J.: 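Below is one structure. I have some questions about it.
Remember, it's a predicted structure, so these values are computed and weren't measured experimentally. Below, read A as the first sequence line, B as the second, and so on, with proteins coming before strands; counting in each chain starts at 1.
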Number of protein chains: 4
Amino acid sequence: MEQVQEQGASQGRSPGRGRGRPRNAEADLAILDATRDLLVADGYDALTMQAIADRAGVARQTVYRRWPSKSRLVADMMLSGNLAVGFEAPTDVAGTDPAIDAVRAWLHAAARQVTDASQVAVIRALASVAAENDDDGRLYATFTAPARAHLLALLRAGVEQGGIRRGADLDAAADAMIGAVLFTALTRTPSRPGSLDALADVLVEGLAAR
Amino acid sequence: MEQVQEQGASQGRSPGRGRGRPRNAEADLAILDATRDLLVADGYDALTMQAIADRAGVARQTVYRRWPSKSRLVADMMLSGNLAVGFEAPTDVAGTDPAIDAVRAWLHAAARQVTDASQVAVIRALASVAAENDDDGRLYATFTAPARAHLLALLRAGVEQGGIRRGADLDAAADAMIGAVLFTALTRTPSRPGSLDALADVLVEGLAAR
Amino acid sequence: MEQVQEQGASQGRSPGRGRGRPRNAEADLAILDATRDLLVADGYDALTMQAIADRAGVARQTVYRRWPSKSRLVADMMLSGNLAVGFEAPTDVAGTDPAIDAVRAWLHAAARQVTDASQVAVIRALASVAAENDDDGRLYATFTAPARAHLLALLRAGVEQGGIRRGADLDAAADAMIGAVLFTALTRTPSRPGSLDALADVLVEGLAAR
Amino acid sequence: MEQVQEQGASQGRSPGRGRGRPRNAEADLAILDATRDLLVADGYDALTMQAIADRAGVARQTVYRRWPSKSRLVADMMLSGNLAVGFEAPTDVAGTDPAIDAVRAWLHAAARQVTDASQVAVIRALASVAAENDDDGRLYATFTAPARAHLLALLRAGVEQGGIRRGADLDAAADAMIGAVLFTALTRTPSRPGSLDALADVLVEGLAAR
DNA sequence: TTTTAAGCGAGACGGTACGTCGTGTCTTGTT
DNA sequence: AACAAGACACGACGTACCGTCTCGCTTAAAA
C-alpha cells in the first residue's frame, strides 16, 4: 500500500530486454540476506563486502555489479523489506477497542523490540548509511514508512471510533512516537522502562477527544 | 541527575605539575573548531583526522594525544559547547505566562533551527558517533542535557501555574519532544515545515490541565 | 628444420564438414588486425581482450573461441604474417655480387627498420609473449624463420662464390645477427644509429675468406 | 666505474633533511631481496605485491611508499645490484693470454649460466618490466651495462695485446654477444650448445688482426 | 521441412591483483 | 614532555582484467 519505489538491485541495467546472460536472480536475495545477517550480527562498521560476498556464495564483483557501494547496498537492503524491523508490525491490534489502546500497545511492543541487540545494530546502521548517502532523509522516511503507516491506521481508527478528536495532527503524533523510539535505540538511553509508557499517555491525552 | 563528568581534552594527563613542555592550550580549541567546521561541511564519514589536524594547524599526533579516536573527538566536540546546537537555548521565555506557551515557543524555535543544514549534519553525526561509542547513551544524555533542563524547567513552571496537570510525566514529555525534534532533523524532507508545530499542539494539549 | 606447425586460428575445430553455423572467416583477420594495431599503439600489457574484440567488431567470446588466451593470440598474430616485421624481406639482393655485400645490406636494412617505434613495440611484445608461452622457443624460431632463411641463403651463396670461407658456422652467424638486431631494438636508445653498421662490418669480416 | 645512476627507493622523498620518522632502511633491502627471491622462484607474472610485502616482513603500503608500482619495483631491483645476474662477471679471466680466449670463455660461461632457470626468470621479467616501463630501453641498457663493461675491457685488452685489430668496433661486437645470449634466454631456443661457440668464433675472427 | 549443431553478441560470473585511503601507533629531530 | 613530520602495520575500498558460463538469436548442413 505504501508502494515504496522498488529500486531494487537492478539499477544500471540496460533497458533493452535480456541481452546477454541474465543476472542470477537468486544472488540478489542471497546478497541481501547475507548483508542483513552480518549487519545484525556484527554491526555496520564490521561489515565487509568480502564477507557479504562469501556468505552469499558469490564473487565480490557480483556484489559491486548490483550495488555501487557498501552504504548503498545496506540502504537497499533496509528498503527491500528483506529486513523485518521489529516495530513495523509488532502486534495484531485489529480488533482492539478502543483503538487508543492499540497505540499504547504499539509503543510498548516497539520499545521492547527496539531493545533487542540485532534491532539496535540495524537502526545504528541506518544512521551511518543515511549519513553517507546524503539523500535528505528519504532513507529514514522510507525505512520508517511501514511503521508510520501502521500507526496512522490505528490513529485514524481512533478518530472513527470517537476516541481521538477530529482535527488532531496524526502525522505529528506518529512522528513523535517513532522518533522517540528510534532515538532510544540509537543512543541506547538507559532503558527506563516507564518512559515510553509515559510518552504514550501524554500523546494519547493530547489526541483524546474532550 | 544529568551530571555527566566533563571529560574534556585532558584525559591521561596529570593536570597540576608538568615535567616537560606544557601542552599548547590553543590547540584544543583549534582542533575542536576544525572538527566542527569539517563535520558541518562534509559530514561525519568524510571527516578525516588528517584534515582536522591540517585545518587546526597541528600535527595529527597532537590530536591523538588529546583524544583517543575520531569518534571520541567528535563526541567531545559536541559536548564542549563549541557547537551551538540550535535548540539548546532557543528563546528566553522566563517570564512567559502561561508557561505552556513557552513550551510551544521552544518547540517552534527548535523546529526552525533544526532545519538548518549544518544542524542536520551535526545531528546525523551524533547518531553515527553514538553508534560507534558504546557509551550507553551518555553522549546523547549530555548532548541534550541543556535542552532537557530547559524544557523541564518550563514544564515544572507550568505545573506550578496550573496550566499543566499535576502527575503528568514531565521527563517523558521532554524526551518525546527532544527525540521528535532530533528525529525530524534526520528524517524530514524540507517540504513539510509545519510538522513540528503540529507536534507541539498535540503535546501541549496532552499535558494541559483539564 | 624450422617446420613449426602452422596452428592458425582453427585449432579445436574439425576442418572439413561443419554441422552448425560456420565461423565468420573475416573475424579471424579482423581480430588479428585489431591485435596488431593495439599492440603497436599501446604495448603488450595495455592490451585487453575486450579492446581487441571491440576494435574487431566482435564479441569477446568470439576471440576466445579461436584462441585460448591473450598470449596465444598475440603469438599467433606474430606468426600469421599479418605483421610485417621489418627484417623479414628487407631487400631483394638475389643477384648481388659478391653475396657478402648482401649480408651487409640486409643488416643495414634491418637496422633501419628496427628503429621504427611500432617494430620496437612488437619486438618487446615478442619477448613478453615468449616469457608467458613456455613453448621452448618455437615462437621465436617461427617468428624469425623468414629472416633466418633469407640470411642463410645469402650466406650459402657467399660460400659458393668464395667470399665466405668454407667451414664457418652459418647458423651461428645468422642467429647472432638476428639476436643482435632484435636486442638492439629492445635496448638501443635512438641516439646511436651506427651501431648495427659496425656489427655488420665485424661479422662480415669474421665470415670472410682470407 | 659504471656509476649507474642510483635512483634507489628514495624517490618522492622531500629534500629537506630528515623530518619525521625516517624510513626503515632495512626495509628497502628486505623488499628488494623478497622481490628477487620471489621473482626467481615464481616468475614475473606470479609476483604479487602482497607476497613481496609478506616475505619482507613489511606492510603492503610500505612497499608502495617506496615504489609506485610492481614494474617499477622490479626494475629498480634489477638495477640495484641486488640481483647477481650470472653473466655479469662470469669468469675471472684477468690473466688469460691471449685475451681473445677470454672473450670465448665469457661467452661459454654466459651461455651456461643463462640456461639456469632462475636466470631465465629474471631475464624474462626484464622483458616484461621494460615493456611496461616504456623507458626507451634504458632499463635493458643499464641492466646489461656491467656485462658490456666487462666484455669491453676484455676486448680492449685484446687490442693492447695485438690479437684484435685496432679500429674494430668493440661496442658492436659486445652488443652482438650480449644480444645473442639474452635472446637465447628470452626465447628459450633449444639450447644447441655449439651455437654460441660458433658465434664466438665468427666474432673473434671478425675482430682478429690479420 | 524440420531438426540440430554450432556461431555469435551481450554480458554475468568466480577469481585475483591492483593501487588508494584511513586509522591508530611509533619514531625521529626540534622546541 | 610536547610538537611537526612522517613512517608503519593493518585492513577495507572500489576497479580492472582474465577466462568461463549462459542467455537469445542466427545460420547452415543433416535428417
J.: Between A/Trp67 (CH2) and F/dA12 (C1'), how many Å, whole number?
T.: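 Between C1' of F/dA12 and CH2 of A/Trp67: 19 Å.
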
J.: Under the rule for side-chain contact (heavy atoms from CB on, under 4.5 Å), what residues qualify as partners of D/Glu26, not counting sequence neighbours?
T.: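 With sequence neighbours excluded, D/Glu26 shows a side-chain contact (heavy atoms from CB on, under 4.5 Å) to D/Asn24, given in chain and number order.
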
J.: Considering only nitrogen or oxygen atoms on both sides, find all protein atoms under 3.5 Å from nucleotides 14-17 of chain F and state each distance.
T.:
{"from": "F/dG14", "atom 1": "OP2", "to": "A/Tyr64", "atom 2": "OH", "distance (Å)": "2.8"}
{"from": "F/dG14", "atom 1": "N7", "to": "A/Arg60", "atom 2": "NH1", "distance (Å)": "3.0"}
{"from": "F/dG14", "atom 1": "O6", "to": "A/Arg60", "atom 2": "NH2", "distance (Å)": "3.0"}
{"from": "F/dT15", "atom 1": "O4", "to": "A/Arg60", "atom 2": "NH2", "distance (Å)": "3.4"}

J.: Could you give the CG-to-P distance, from C/Asp45 to F/dC18, as a whole number of Å?
T.: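 Those two atoms, CG and P, are 10 Å apart.
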
J.: With rounding to the nearest 0.5 Å, note down the distance linking CZ in C/Arg60 to CE in C/Met49.
T.: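 That separation rounds to 8.0 Å.
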
J.: Can you sort out the partners of C/Asp45 under salt bridge (Lys or Arg N to Asp or Glu O under 4.0 Å), two or more places apart, ordered by chain and number?
T.: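 Not a single residue meets the salt bridge (Lys or Arg N to Asp or Glu O under 4.0 Å) criterion with C/Asp45.
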
J.: What's the CG-P distance between C/Asn24 and E/dG9, to the nearest Å?
T.: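 So the two atoms are 7 Å apart, to the nearest Å.
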
J.: Please enumerate all residues that pass side-chain contact (heavy atoms from CB on, under 4.5 Å) together with A/Asp42, with sequence neighbours excluded.
T.: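 Here the qualifying residues are A/Leu38, A/Ala46.
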
J.: Look at C/Arg65 and E/dC8 and indicate whether a side-chain polar atom (N or O) is within less than 4.0 Å of OP1 or OP2.
T.: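 C/Arg65 to E/dC8 OP1/OP2: side-chain N or O found under 4.0 Å.
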
J.: B/Glu26 has an atom CD; how far is it from atom P of F/dC3, in whole Å?
T.: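 It works out to 11 Å between those atoms.
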
J.: On DNA chain F, compare the nucleotides closest to D/Ala27 and B/Ala25; which residue's is nearer the 5' end?
T.: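 Going by which nucleotide is closer to the 5' end, it is B/Ala25.
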
J.: Want to settle it: does B/Thr62 or D/Gly57 sit nearer the 5' end of DNA chain F, counting the closest nucleotide to each?
T.: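 Whichever sits nearer the 5' end wins; that is B/Thr62.
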
J.: Rounded to whole Å, how long is the line connecting atom CZ of D/Arg23 with atom P of E/dT28?
T.: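 Going from D/Arg23 (CZ) to E/dT28 (P), I get 15 Å.
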
J.: Does B/Ala56 have any side-chain contact (heavy atoms from CB on, under 4.5 Å) partners at least two apart in sequence or in another chain, and if so, which?
T.: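 Partners of B/Ala56 by the side-chain contact (heavy atoms from CB on, under 4.5 Å) criterion, ordered by chain and then number, come out as B/Ala30, B/Ile31, B/Ala34, B/Val58.
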
J.: B/Arg21 side chain: which of E/dG14, F/dA2, E/dA12 is closest?
T.: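 Nucleotide nearest to B/Arg21's side chain: F/dA2.
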
J.: To the nearest Å, how far apart are A/Gln50 CD and F/dC10 C1'?
T.: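 Those two atoms, CD and C1', are 16 Å apart.
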
J.: Rounded to the nearest Å, what distance is computed from the CZ atom of residue A/Arg72 to the C1' atom of nucleotide F/dC13?
T.: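 Distance, rounded to whole Å: 16 Å.
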
J.: Starting at atom CZ of D/Arg19, determine the distance to atom P of E/dC26, rounded to an integer number of angstrom.
T.: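 Atom-to-atom, D/Arg19 to E/dC26, this comes out as 23 Å.
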
J.: Any side-chain heavy atom of B/Ser71 within less than 4.5 Å of one from B/Tyr44?
T.: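 In contact.
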
J.: List the residues meeting side-chain contact (heavy atoms from CB on, under 4.5 Å) with D/Thr48, not counting sequence neighbours, and say none if there are none.
T.: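 So D/Thr48 forms a side-chain contact (heavy atoms from CB on, under 4.5 Å) with D/Gln50, D/Ala51.
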
